[in-house]
Amino acid sequence: MTYQHIHEGVHSASALMGIPLKRTDAEPKTDHVKQFVALARSIPGKPFRVFDDWCEIMFCAIAAITAQTPERAAELMSQQEQASGKYTQEDIRIMEDMLGVAQVAIMDGGRDFLGEACGLLGALDGGVGQFFTPFEVSKMIVSMTAPDISAIVRDQGNFRGADPAAGSGGLLVALADHCEAVGVDLRDVFVEGVELVPSTYHMLFVQLSLRGVPARAVCGNTLTQEVREYAYTPAGVRFVNKHGIMNAATNMR
């Protein structure tokens, strides 16, 4: 199935259910994605491995800032050094350029940027049926299921949501877009995303961080309730400091 068919199908289903969706271009945005992918491919090595390492390096750099203890911050910096140690200074400079491209593309929402890049770089395992939900579908799901978030924030002071199988965070980005569209300040929203695969967990955390979403990303198994590790986005730390509440999915601070 092509993106064009998915795109038209989502709009047809939305029309039948009376869900207003703003029509966008038939093809996904590719400007920054192509630039990001070209930079990743310019680094020696298998592109999907470069992408995974980039996600881990950026995860460690951001998560070390929001770490809850100095010991955890030190662990993350050590992990970052190990992940980046296989690359030259020129490679790291290119990775910094990749971060700049990603930040510009992600900060205003409207797409699952890292999910798109992941697919183009061959980092998805099609053999086990791994894929990311098209962003148009994520928007439709949010439109169908989201409560009156502005009313909840007005009555309770904040809104909390969770995605038990978050992947790259596309659904949570769509939720953040929806909150802003209905006039809700993201500083009054907190989400939790749980992801089983460590490399995708890194992607999830980086994308939510760059989008400015107050969040806790969890590497774990929703079905067994196993939590291997977690990290708060910078906006998530500010939310917890302001509201001092437990998170949505696990009732843990």
Side-chain angles (χ1 to χ4, degrees), residues 3 25 27-67 72-126 130-132 134-135 166-170 172-173 176 193 195 197-213 215 217 219 229 231-236:
Y3 185 91
D25 294 335
E27 294 299 324
K29 302 173 184 177
T30 56
D31 47 344
H32 290 103
V33 169
K34 285 185 176 179
Q35 186 180 0
F36 182 91
V37 168
L39 286 168
R41 291 186 182 279
S42 72
I43 298 175
K46 295 181 179 180
F48 73 88
R49 180 59 61 195
V50 171
F51 178 73
D52 284 350
D53 288 340
W54 180 87
C55 289
E56 182 176 6
I57 291 167
M58 298 308 159
F59 163 80
C60 292
I62 301 171
I65 298 172
T66 65
R72 178 56 179 157
E75 289 177 1
L76 288 163
M77 294 307 297
S78 177
Q79 182 180 347
Q80 182 188 30
E81 290 178 5
Q82 184 175 358
S84 60
K86 68 187 78 170
Y87 295 100
T88 66
Q89 287 298 315
E90 176 61 19
D91 295 337
I92 297 300
R93 186 193 65 77
I94 295 173
M95 287 188 173
E96 292 172 352
D97 291 341
M98 291 168 62
L99 175 61
V101 172
Q103 185 167 15
V104 169
I106 294 171
M107 62 187 301
D108 292 328
R111 71 194 305 176
D112 178 5
F113 178 83
L114 292 184
E116 293 177 44
C118 182
L120 291 173
L121 288 166
L124 296 176
D125 188 350
Q130 188 180 48
F131 67 94
F132 290 134
F135 194 71
S168 58
L172 296 177
V173 170
E195 172 53 37
V197 180
S199 58
T200 313
Y201 158 68
H202 296 151
M203 194 189 326
L204 165 69
F205 176 82
V206 172
Q207 181 142 259
L208 293 179
S209 293
L210 296 183
R211 177 63 179 88
V213 179
C219 184
E229 68 173 279
Y232 287 89
T233 65

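- Going from atom CZ of R111 over to atom CD1 of I106 covers 9.0 Å, rounded to the nearest 0.5 Å.
- Remark: side-chain polar atoms of E195 are not paired, donor with acceptor, to backbone N or O of C219 under 3.5 angstrom.
- For residues 86-116, every residue pair satisfying the ring-ring contact (aromatic ring centres under 6.0 Å, His included) rule, not counting sequence neighbours, is listed here: F36-F113.
- Rounded to the nearest 0.5 angstrom, Q79 CD and C60 SG are separated by 3.5 Å.
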R72 vs E229, test: salt bridge (Lys or Arg N to Asp or Glu O under 4.0 Å). Steps then yes/no. CA-CA 11 Å; R72 178 56 179 157; E229 68 173 279; 2.8 Å; yes

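- Taking OG1 of T88 as the start and CG of D91 as the end, the distance is 3.0 Å to the nearest 0.5 Å.
- In this view, E96 satisfies the salt bridge (Lys or Arg N to Asp or Glu O under 4.0 Å) rule with no residue, not counting sequence neighbours.
- Residues passing the salt bridge (Lys or Arg N to Asp or Glu O under 4.0 Å) test with D97 are R93, sequence neighbours excluded.
- The two atoms that bring A215 and L208 nearest to each other are CB-CD1, 3.8 Å, heavy atoms only.
- Every residue meeting the side-chain contact (heavy atoms from CB on, under 4.5 Å) condition with M77, not counting sequence neighbours, appears here in chain and number order: A64, Q80.
- Sorted by first and then second residue, the salt bridge (Lys or Arg N to Asp or Glu O under 4.0 Å) pairs with a member in residues 43-57 read R49-D52, D53-K86; sequence neighbours excluded.
- No donor-acceptor pair under 3.5 Å is formed between the side chain of W54 and the backbone N or O of M98.
- Side-chain atoms of V50 and M95, non-hydrogen and from C-beta on, do get closer than 4.5 Å to each other.
- What you find for Y232 and F205 is that their closest heavy atoms are O-CE1, 3.3 Å.
- Using a 4.5 Å heavy-atom cutoff, the side chains of I65 and P234 are not in contact.
- Remark: side-chain polar atoms of S209 are not paired, donor with acceptor, to backbone N or O of T233 under 3.5 angstrom.
- Contact check for C55 versus F51: side-chain heavy atoms found under the 4.5 Å cut-off.
- Counting all heavy atoms, side chain and backbone alike, L114 lies closest to Q207 at N-OE1, 3.0 Å.
- Heavy atoms from other residues, nucleotides or ligands lying under 6.0 Å from CD of E90 number more than 12.
- Between M107 and L210, every side-chain heavy-atom pair lies at or beyond the 4.5 Å cut-off.
- Shortest non-hydrogen contact noted between G170 and F135 is O-CE1, 3.4 Å.
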If you apply the rule side-chain contact (heavy atoms from CB on, under 4.5 Å), what do you find for V37 with R41, and how did you get there? CA-CA 6 Å; V37 168; R41 291 186 182 279; 3.5 Å; yes

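- Under the rule for a side chain to side chain donor-acceptor pair (under 3.5 Å), S78 has no partner lying at least two apart in sequence or in another chain.
- Minimum interatomic distance between L204 and A217 (heavy atoms only, all atoms of both residues): CD2-CB, 4.0 Å.
- The two residues V173 and G110 have their closest heavy-atom pair at CG1-N, 4.5 Å.
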